[in-house]
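Take a look at the structure below.
Note that this is a predicted model, so its numbers are computed, not measured. If you read the sequence from its start, that first residue is 1, and numbering goes on from there.
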Amino acid sequence: MAVTVAQLQTWKKEGRAIAVLTATEYAIAKILDAAGVDVILVGDSLAMVALGHKTTLPVTLDEMIHHAKAVGRGVDRALLLVDLPFLSYQCSPEQALHAAGRVLKETNAQGIKVEGGYRDLVNTIAKLVHAGIPVMGHLGLTPQSVHQLGYRPQGKDPKTAEQIFQQAQALAEAGVFAVLLENIPAALGDRITKALTIPTIGIGAGSGCDGQVLVTHDLLGLSDWQPPFARKYVDLRASISKAVEHYCTDVRDRTFPPNSHHP
Ligand code: KIV
């Protein structure tokens, strides 16, 4: 059965944790989907992990759609979401509607994600939801604001923790179907999760969240750098290096291809 936005709400009620991963291209997306991931996010972190930029800011809407189309071809079961990139939605509700509409029309995605919880954005989100577009919020450390926030944990003091809590409630009232919480204290993740009826998806936000997300390049050991809260489940960088060195040796030793394969 394909995962839907409604299914995520049911899983929250049932206490069934939601597993979310990012994807940037077809082959990995197909593996993640077949392995049973619930939600696949074409995150704008692809600017860094797939395109080699220093931050997420340079990636364009066209590039996000290009990657999302490829990922979508590999996904049959998981709910597919796409990040709206920096400056594709902040200028006006009309700009956001146009960008989100393009994502839904041009890819197989069922929803989009935007970063932040300030008042203008909450109004924009309400308009997107009104137009029938499922929206996931993103609070705490929001990488599109890296030049203001750095990559530091957020919500550590009572004032900013309260601000994030209030923003989570405002996003829920505006109609987001879920909210991603990044790099905040576990106690705050827990508090938000208990207060909201929509699912919270955490990354560095503690085990109390309704689900967890990782950047797949971190999980696979392919990233140049990974945050302390990420977990490397396999070291593919080492495996790939070894395989490539083996291949180079075989070519230079003329043991690949084998003689028997010559006509
Ligand atoms: O862009 C991204 O990969 C994200 C992560 C926090 C999952 O939003």
Side-chain angles (χ1 to χ4, degrees), residues 1-3 17-83 85 102-111 113 143 151 201 203-204 211-263:
M1 283 280 282
V3 179
I18 302 161
V20 184
L21 283 174
T22 63
T24 62
E25 48 92 46
Y26 167 78
I28 298 287
K30 205 169 155 111
I31 295 170
L32 303 185
D33 191 55
V37 170
D38 300 315
V39 180
I40 294 181
L41 169 69
V42 182
D44 62 356
S45 59
L46 75 79
M48 299 166 80
V49 299
L51 302 180
H53 293 296
K54 295 265 180 282
T55 71
T56 61
L57 303 193
V59 70
T60 65
L61 181 61
D62 283 341
E63 287 169 331
M64 291 300 295
I65 289 175
H66 174 82
H67 283 267
K69 281 181 177 170
V71 168
R73 289 180 204 115
V75 176
D76 286 328
R77 179 187 167 274
L79 183 76
L80 179 62
L81 304 176
V82 178
D83 265 346
R102 273 198 65 197
V103 168
L104 262 61
K105 282 163 92 75
E106 296 177 35
T107 77
N108 286 331
Q110 290 107 320
K113 173 163 82 59
Y151 288 115
I201 305 296
I203 177 162
Q212 298 292 328
V213 59
L214 280 180
V215 172
T216 295
H217 281 64
D218 293 344
L219 176 147
L220 297 179
L222 290 173
S223 305
D224 291 337
W225 169 88
Q226 65 178 55
F229 47 76
R231 184 180 289 175
K232 191 194 291 189
Y233 280 83
V234 62
D235 191 351
L236 277 197
R237 184 184 290 254
S239 305
I240 292 171
S241 270
K242 215 166 148 201
V244 172
E245 279 163 22
H246 194 169
Y247 164 76
C248 291
T249 306
D250 285 356
V251 169
R252 288 169 195 142
D253 291 352
R254 300 194 180 280
T255 55
F256 177 83
N259 281 336
S260 57
H261 283 201
H262 289 175

Which atom pairs, one a donor and one an acceptor, fall under 3.5 Å between side chains of residues 239-247 and the rest of the protein, sequence neighbours left out?
unit_1: Ser239; atom_1: OG; unit_2: Asp235; atom_2: O; d: 3.3
unit_1: Ser241; atom_1: OG; unit_2: Arg237; atom_2: O; d: 3.3

Show every donor-acceptor pair shorter than 3.5 Å between a side-chain atom in residues 39-56 and any protein atom, with sequence neighbours excluded, or say none if there are none.
unit_1: Asp44; atom_1: OD2; unit_2: Gln144; atom_2: NE2; d: 2.7
unit_1: Thr55; atom_1: OG1; unit_2: Leu57; atom_2: N; d: 3.1

Among residues at least two apart in sequence or on other chains, which ones pass side chain to side chain donor-acceptor pair (under 3.5 Å) with Asn108?
none
Residue pairs fulfilling side-chain hydrogen bond (donor to acceptor under 3.5 Å, both in side chains) with at least one residue in residues 61-81, sequence neighbours excluded:
Thr60-Glu63, Asp62-Arg102
By side chain to side chain contact (heavy atoms under 4.5 Å, CB included), Ala109 pairs with (sequence neighbours left out) Leu80, Val82, Val103, Thr107
How long is the span from the CG atom in Asp33 to the CG atom in Leu79, to the nearest 0.5 Å?
11.0 Å
For the residue pair Pro143 and Tyr151, what are the closest heavy atoms and their distance?
CB-CE2, 4.3 Å
Can you check whether Thr255's main-chain N or O pairs, donor with acceptor, with Asp250's side chain at less than 3.5 Å?
no
Minimum-distance pair of heavy atoms, taken over all atoms of Gly221 and Lys232
CA-CG, 3.5 Å
Using distance only, find each side-chain donor-acceptor pair of residues 211-220 under 3.5 Å and give its atom names and separation, not counting sequence neighbours.
unit_1: Gln212; atom_1: NE2; unit_2: Gly206; atom_2: O; d: 3.0
unit_1: Thr216; atom_1: OG1; unit_2: Thr22; atom_2: N; d: 3.4
unit_1: Thr216; atom_1: OG1; unit_2: Thr22; atom_2: O; d: 2.4
unit_1: Asp218; atom_1: OD1; unit_2: Ser223; atom_2: OG; d: 2.5

